[in-house]
Amino acid sequence: MMNDTRYSALIEPSDLLTLIDSTELVILDASIPPVGSMATAINKWPKCTVPNAKRFDIEGEFSDPDSAFPHTMVSAALFQQRAQQLGINANSNIVVYDDLGIFSSARAWWMFKAMGHKNVSVLNGGLPKWLAAQYPTISANVSDTQLLGRFIAQPQDGYFCDYAHVLDALRLKSKKVIDARGRERFLGRAQEPRAGVRSGHMPEALNLPYTDLLCDGSLLPRDELRNILLSLVAEHDPLIMSCGSGITACILALAAESCGFTDICVYDGSWSEWGSNADLPVVAE
């Protein structure tokens, strides 16, 4: 059993190592290819994995195949099917990681929470921190057959929202929108990496680059995270997290939940959707 750790948003590599042989433990590699100018990880799936890890394919099996935008959340039925194919059960204690530290793993964590699964944590520092501690790794056997799990999706309201919800929140000033993109993109000084997407940000949105919350791929200590967030919003403000395509918005959600914020939503389409819709307002500088 993972005891108190199973309900924590984060788990340290040393704690995961002590649980590595637990029959209820499911470890998921949720890495995605680097975005823009980000460096490619040297150690990555399938050549280098945490022992017993399975592949959680955010860009493939766990993205809506019918969406025009990247990384869109799949239906509950498809999520349940894919999770069962990974051998995940209702009582599984899930730990997700990625090969860049904390990047796409937060997205997988948020998806499981949106499907009603509480026992899910992000490996703080991801594969790089695991390797730095000289803990064991293996090459994944991608041909392994997997017994079907008994995971049941129980969709939860309020974890993801669409552009209409964000637009209403901005107009009514009912929620604070925080954008995880870098400052140059937020201000419209840097061109968006996706064709046809305008530069700039939503009116009244706040900017908090996700990199400001990390040090060497790990989340900053809780008190530092709280101070950063409280410099932008009040403790009980409802929050909507956004980014380029719904990945790093989940790092903001992870940080906010880790330090006590409770009313958090992720805009699934994020700037890929908002910036490509000429009917939605955009502000530059």
Side-chain angles (χ1 to χ4, degrees), residues 1-35 38-62 79 82-89 91-113 115 117-149 151 214-219 247-248 250-251 254-255 258:
M1 296 292 292
M2 297 179 78
N3 298 322
D4 292 342
T5 309
R6 65 178 173 175
Y7 294 114
S8 299
L10 290 173
I11 183 171
E12 293 296 325
S14 57
D15 294 320
L16 177 58
L17 184 65
T18 67
L19 302 166
I20 203 74
D21 294 321
S22 168
T23 57
E24 295 179 2
L25 178 67
V26 175
I27 303 173
L28 300 175
D29 183 317
S31 306
I32 65 172
V35 178
M38 295 174 63
T40 300
I42 297 173
N43 299 295
K44 58 184 179 178
W45 182 279
K47 297 291 187 182
C48 182
T49 76
V50 174
N52 306 322
K54 303 171 184 178
R55 183 78 175 116
F56 186 89
D57 186 2
I58 288 178
E59 295 202 313
E61 294 181 341
F62 285 92
F79 190 96
R82 300 300 196 197
Q84 289 179 351
Q85 289 170 346
L86 289 173
I88 298 172
N89 297 311
N91 66 339
S92 291
N93 296 319
I94 300 170
V95 174
V96 292
Y97 74 88
D98 65 68
D99 56 25
L100 294 174
I102 292 181
F103 184 59
S104 50
S105 51
R107 171 74 182 192
W109 165 79
W110 193 251
M111 293 168 75
F112 274 103
K113 288 173 64 66
M115 290 294 104
H117 196 82
K118 295 180 179 179
N119 303 13
V120 56
S121 303
V122 171
L123 182 62
N124 198 20
L127 185 59
K129 192 171 182 179
W130 180 270
L131 289 168
Q134 298 185 330
Y135 293 153
T137 59
I138 62 171
S139 293
N141 187 346
V142 295
S143 63
D144 271 355
T145 57
Q146 178 67 61
L147 293 176
L148 283 178
F151 179 88
L214 301 173
C215 179
D216 295 329
S218 295
L219 273 187
I247 296 292
T248 58
C250 297
I251 299 177
L254 175 65
S258 296

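Excluded from the calculations below are hydrogen atoms, water molecules and symmetry mates; all remaining heavy atoms, backbone and side chain alike, are included. In this text the structure is predicted, and so the values were computed from the model without any measurement. One-based numbering along the sequence shown.
Within the structure, salt bridge (Lys or Arg N to Asp or Glu O under 4.0 Å) contacts touching residues 128-138 (residues at least two apart or in different chains) are Glu12-Lys129. Under the salt bridge (Lys or Arg N to Asp or Glu O under 4.0 Å) criterion, no residue pair touches residues 119-128, with sequence neighbours excluded. A side chain to side chain donor-acceptor pair (under 3.5 Å) check over residues 38-54, counting only residues at least two apart or in different chains, returns the pairs Lys54-Gln146.
Taking a 6.0 Å sphere around CG of Asp216, one finds it holds 12 or fewer heavy atoms contributed by other residues, nucleotides or ligands.
A pairwise comparison of heavy atoms in Cys250 and Trp110 identifies SG-CB, 3.9 Å as the closest pair. Here the closest non-hydrogen pair linking Asn89 and Gly149 is OD1-CA, 3.3 Å. Shortest non-hydrogen contact noted between Gly125 and Pro128 is O-CD, 3.4 Å.
In this structure Asp99 satisfies the salt bridge (Lys or Arg N to Asp or Glu O under 4.0 Å) test with no other residue, sequence neighbours excluded. Taking the ring pair (Phe, Tyr, Trp, His ring centres under 6.0 Å) definition, one finds that Tyr97 meets it with nothing, sequence neighbours left out. The side-chain contact (heavy atoms from CB on, under 4.5 Å) test applied to Pro33 returns Glu59, not counting sequence neighbours.
Summarising the geometry, atom OH belonging to Tyr135 is positioned 11.0 Å from atom CD1 belonging to Ile20; distances are rounded to the nearest 0.5 Å. If you take CD1 on Ile32 and CZ on Arg107, they are separated by 9.5 Å, rounding to the nearest 0.5 Å. One distance of note links CD1 of Ile11 with CG of Leu25; it measures 7.5 Å at 0.5 Å rounding.
Between His117 and Phe151, the ring planes lie tilted relative to each other; the angle falls in the 30° to 60° range. Relative orientation of the Phe112 and Phe79 rings is perpendicular, given thresholds of 30° and 60° on the angle between their planes.
Here the side chain of Ser92 pairs no donor or acceptor atom with the backbone of Ile94 at under 3.5 angstrom. Looking at Ser105, its side chain never comes within 3.5 Å of a backbone N or O of Ala30 through a donor-acceptor pair. Checking side-chain atoms of Arg55 against main-chain N and O of Ser31 turns up a donor-acceptor pair under 3.5 Å. Listed for the Asp98 side chain is a donor-acceptor partner under 3.5 Å among the backbone atoms of Phe103.
The shortest distance between side-chain heavy atoms of Asn119 and Asn91 does not fall below 4.5 Å.
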Between Leu86 and Phe62, is the side-chain contact (heavy atoms from CB on, under 4.5 Å) condition met? List the steps. CA-CA 12 Å; Leu86 289 173; Phe62 285 92; 4.0 Å; yes
